Amino acid sequence: MSWMTALGSHTDNNIRRARWLAYGGLIPFYGLALLAWLDTCREWSLQGVAAYAAIIIAFLGAVHWGRALNQFDRGNQFPTLLFGIMPAVLGWFALLLPLEFSLPMLAAGLVFVWGTEQMVFTEALPGWYRQLRHQLTAAAVIAVLIGWAATMVPMF
């Protein structure tokens with residue numbers, strides 16, 4: 001096996017592992033969002049959905065800090081660094097709000113990070129990652145909205 005073949009298999013294995021970990025990251029979203037429909041679990045599971053969404057949004061911003069740190073010798077990285085902290089601030093602020101407002105704000109935050117990546121950073125991100133982000137963002141937003149809908153149940 002040549003070193004190029006070995007390198008390619010490492011890349012393929014790492015991409016496959018990254019995908020499995022990322023899809024596994026949807027389990028807390030859906031588990032908590034579905035538990036929110038049970039009266040006995042509603043409050044803590046909704047708090048869990050909100051906290052997990054805020055953490056994931058901060059994680060998505062940190063990806064861009066990592067990119068910027070890797071390119072410090074190649075120009076002004078301030079815009080990327082600034083974008084990298086915006087999701088964490090958004091997530092933190094959302095956690096200060098009542099769940100009825102926090103959950104849709106977190107769903108919008110997930111879309112904001114994804115949309116910015118698509119418009120501003122698309123060439124900086126590998127194709128497999130962009131494709132993965134499309135799927136994960138859609139799935140995470142749906143889960144957060146399922147949780148948000150459960151906040152309305154006590155009104156009926």
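Bear in mind that the values here come from a model prediction, so they are computed numbers and not experimental data.
- Note on residues 50-60: no pairs pass side-chain hydrogen bond (donor to acceptor under 3.5 Å, both in side chains), not counting sequence neighbours.
- The side-chain hydrogen bond (donor to acceptor under 3.5 Å, both in side chains) test applied to Glu43 returns Gln47, not counting sequence neighbours.
- Applying the side-chain hydrogen bond (donor to acceptor under 3.5 Å, both in side chains) rule to pairs touching residues 72-82 yields nothing, sequence neighbours excluded.
- Ala54 is linked by a side chain to side chain contact (heavy atoms under 4.5 Å, CB included) to Leu95, Leu106, counting only residues two or more places apart in sequence or in another chain.
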Determine, stepwise, if the pair Arg42 / Asp39 fulfils side chain to side chain contact (heavy atoms under 4.5 Å, CB included). CA-CA 5 Å; Arg42 183 167 297 119; Asp39 291 338; 2.9 Å; yes
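- Residue Phe72 is found in a hydrophobic cluster whose other members, listed by chain and number, are Trp65, Leu69, Phe78, Leu81, Leu82, Ile85; membership requires side-chain heavy atoms under 4.5 Å apart, directly or through intermediates.
- Among residue pairs with one or both ends in residues 13-30, none qualify as salt bridge (Lys or Arg N to Asp or Glu O under 4.0 Å); sequence neighbours excluded.
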Which pairs would a plain distance check flag for residues 24-38, meaning a side-chain donor or acceptor within less than 3.5 Å of a matching protein atom at least two apart in sequence or in another chain?
| unit_1 | atom_1 | unit_2 | atom_2 | d |
| --- | --- | --- | --- | --- |
| Tyr30 | OH | Ala139 | O | 2.7 |
| Trp37 | NE1 | Ile146 | O | 3.2 |

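- The stretch residues 93-116 participates, sequence neighbours left out, in these side-chain hydrogen bond (donor to acceptor under 3.5 Å, both in side chains) pairs: Trp114-His134.
- For the side chain to side chain contact (heavy atoms under 4.5 Å, CB included) test, no residue two or more places apart in sequence or in another chain qualifies with Ala138.
- Scored by the side-chain hydrogen bond (donor to acceptor under 3.5 Å, both in side chains) test, Gln135 finds Tyr23 as partners (sequence neighbours excluded).
- Annotation: side chain to side chain contact (heavy atoms under 4.5 Å, CB included) contacts of Leu125 (sequence neighbours excluded): His64, Arg67, Glu117, Phe121, Tyr129, Arg130.
- When the side chain to side chain contact (heavy atoms under 4.5 Å, CB included) test is applied to Leu96, the partners found at least two apart in sequence or on another chain are Trp92, Phe93.
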